[in-house]
Amino acid sequence: MSNRIDEKFAQLKAENKKALITYIAAGDGGYDLTEKAVLAMEKNGADLIEIGVPFSDPIAEGPVIQAASLRSLRDYHTTLKGVFEMVKRIREKTDMPLLLMLYANTIFRSGTDAFFAKCAEIGIDGVIVPDLPFEEHDEFQEASEKNGVYNISLVTPASTGRIAKIAAQAQGFLYCVSSVGVTGMRDHFDTDFNAFFDEIKKSTKIPYCVGFGIRNGETAKKMGSYCDGVIVGSAIVNKVGEFGQEAVPEIVNLCHELKNGLNQA
Amino acid sequence: MSKIGRFGNFGGQYVPETVMNAVSELQEAYEKYSKDPEFLAELHKLYADYAFRPSLLYYAEKMTKDLGGAKIYIKREDLNHTGSHKINNALGQVLLAKKMGKKRVIAETGAGQHGVATATVCAYFDMECEVYMGREDMERQALNVYRMELLGAKVTGVDSGTATLKDAINEAMRDWATNIATTFYCIGSVMGPHPYPTMVRDFQKIIGEEAKKQILEAEGKLPDCVVACVGGGSNAMGIFYDFIPDASVRLVGAEAAGKGADTEFHAATLTKGDLGIFHGMKSVFLQNDEGQIAPVYSISAGLDYPGIGPEHAYLHETGRADYVAITDEESVQAFEYLSKTEGIIPAIESAHAVAAALKIAPTMRKDQIMIINLSGRGDKDVQQIARYRGVNLNV
């Protein structure tokens, strides 16, 4: 079964382009705003989109995405069921790769098999589970594989000695975390990127993209030079926090800036 | 499914990749030092010279006569240095941190007992210490906040989520992910990713080992029932562990029913919770149908946690231990009862165990023996209990 993620990266490679992957917190500002933002990002340079399912205790997130999760749950009563309905509407309007980013308990509690079957049914191509390390990868593996949904693996600069084994079983693309810590925009990076990406390059046959801390055209250009694409979350979510229902034009501008930076990488 | 750090189906290592290397590093260090006679000798010397172990096993004669059932003994963890069992674990983990060459220790705290114990041991070992505490708990336990600062620790308030223990853990994990190379995360209970549930239990199992030896000396036989309060579950695992192979010993955990396990305001995890994955472990959690972790409530900040250690979930599932839910009112009555009957003011957490004992002991025969684990002393709670009873202390 072919996966839209593989097809997209194959297409980008043929065009000699790098991927812009954007993240938005589902239901932050309401489902309609998320849907509008997703479709606008696609038209304005995003190649893959991660839709974050809000969780009460997002331990891997920095302040921006924590705040968005809280707004989504408290002010808009976002639910997984609601996110699935929204994705179904989005899928009718686009054929781009869509991923869910969500915590392990959200999948587990909804019934692992039922969850992945639903993903396949409505056209979710992959999931990113920040609290599921290599050691527990088996938790969802059978169900995700059976349904052709990729379970995206992460590596970090603290993954010393682990990168090869993680990369060996990775699907779709490898999510490279730029620096230790939580999600969020950074002023500087302490990581030795040459060493980090050298090890990744040696270890993986699939595309690898970098996230955490990329916030503008300049950082997209810098980080994009090391790999096959960049992942931008907090900078986009921050626009929703700042501009609320008026955020879409701001997100569009940011996508243009990111894409321009990335095209120079 | 991985078999690492499992108790039956429970446990595991469900943490972000960012901290996984530190978890593995800790796992290797613990496997090494837990078998190292020198490390264990050093720890036991600290238990004796610094924490004032062994703690007494006290025969509660008046309580025994008053209840008219089992002969009641109280394991006096309240007499340890810093006033609770938390010092056992803090000594173990901070000593391990020192061996691992870490310079900085972080901890979460609910009631403040674990924070105080960690700050104390860090002062002793000249380690930098930062304690995360929910803003609401800081207000409930202002004295312990000052105590930690006095000991040289930095106390950082946590405003996210419900501003209680679970949020303090979230924030400590974020700190750990950020400062992974220099920092040791000293978790206060038998919870979190492997090796914590096993390691913390091992640092606390001294309670049960002592109690068994002491009761055999005093009575020449094993107890029939051992009772302890359960939040995350460290004092209970500590006293239960050595008795698990002794099938005749009934193990009872008392969890916090707050305003009632059938109301919205409780922390009775095993009574009302469901299987889930959170804070690094597969265990039982209070949560809604969508897996969002539920806000919890108890008069006791130390039991105010929406989960439970995986080994307790396993003991519950296999029926080896029973878990009962004790309300705020029952625990306050037990707090007052033990103060008046034995002249011992228990921590409000430990008063939940006393309350369970008040129910169970009268149903037992006079030739049977019960041990209550009195995990901490109640000085920190006096003001709150006064407020609960409508007494204004003007302090």
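Side chains are part of it too, since the values below use all heavy atoms of this structure and drop only hydrogens, waters and symmetry mates.
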What option among [options] has the most heavy-atom pairs under 4.5 Å with chain B?
{"options": "I166(A), L70(A), T160(A), V177(A)", "answer": "T160(A)"}
{"options": "T79(A), V155(A), I107(A), V129(A)", "answer": "T79(A)"}
{"options": "H137(A), R162(A), E61(A)", "answer": "R162(A)"}

Can you list the residues of residues 173-185 of chain B that sit under 4.5 Å from chain A, counting heavy atoms only?
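M173(B), R174(B), A177(B), T178(B), I180(B), listed by number.
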
[X] (side chain) donor-acceptor with [Y] (main chain) under 3.5 angstrom:
{"X": "E255(B)", "Y": "L270(B)", "answer": "yes"}
{"X": "D125(A)", "Y": "L98(A)", "answer": "yes"}
{"X": "E290(B)", "Y": "L80(A)", "answer": "yes"}
{"X": "N105(A)", "Y": "I277(B)", "answer": "yes"}

Which atoms of [X] come close to chain A, meaning under 4.5 Å heavy atom to heavy atom: side chain ones, backbone ones, both, or neither?
{"X": "L275(B)", "result": "both"}
{"X": "S160(B)", "result": "side chain"}
{"X": "S24(B)", "result": "side chain"}

Can you name the side-chain contact (heavy atoms from CB on, under 4.5 Å) partners of T263(B), sequence neighbours left out?
K259(B), F265(B)

For a quick test of your reading: what N or O donor-acceptor pairs under 3.5 Å do the side chains of residues 294-313 of chain B make, sequence neighbours left out?
unit_1	atom_1	unit_2	atom_2	d
Y297(B)	OH	D328(B)	OD2	2.6
S298(B)	OG	S300(B)	N	2.9
S298(B)	OG	S300(B)	O	3.4
S300(B)	OG	G302(B)	N	3.4
S300(B)	OG	L303(B)	N	3.1
S300(B)	OG	E349(B)	OE2	3.0
D304(B)	OD2	R140(B)	NH2	2.9
Y305(B)	OH	H279(B)	ND1	2.8
E311(B)	OE1	R201(B)	NH1	3.1
E311(B)	OE2	R201(B)	NH1	3.2
H312(B)	ND1	Y323(B)	OH	2.7
H312(B)	NE2	G233(B)	O	2.8

Under the salt bridge (charged side-chain N to carboxylate O under 4.0 Å, His left out) test, which residues partner K86(B), sequence neighbours left out?
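Not a single residue meets the salt bridge (charged side-chain N to carboxylate O under 4.0 Å, His left out) criterion with K86(B).
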
Is it the side chain or the backbone of P54(A) that comes within 4.5 Å of chain B heavy atoms, both, or neither?
backbone

Counting only non-hydrogen atoms closer than 4.5 Å, does F55(A) touch chain B with its backbone (N, CA, C, O), its side chain (CB onward), both, or neither?
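Its backbone and side chain both get close to chain B.
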
Can you check whether Y314(B) reaches S283(B) side chain to side chain, under 4.5 Å on heavy atoms?
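The answer is no, as the side chains (C-beta and beyond) never meet within the 4.5 Å cut-off.
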
With a 4.0 Å cut-off on N to O distance, would you call R135(B) and D167(B) a salt bridge?
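Looking at R135(B) and D167(B), the cut-off is not met.
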
Below 6.0 angstrom between ring centroids: does that apply to F173(A) and F9(A)?
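Yes: the rings meet the under 6.0 Å criterion.
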
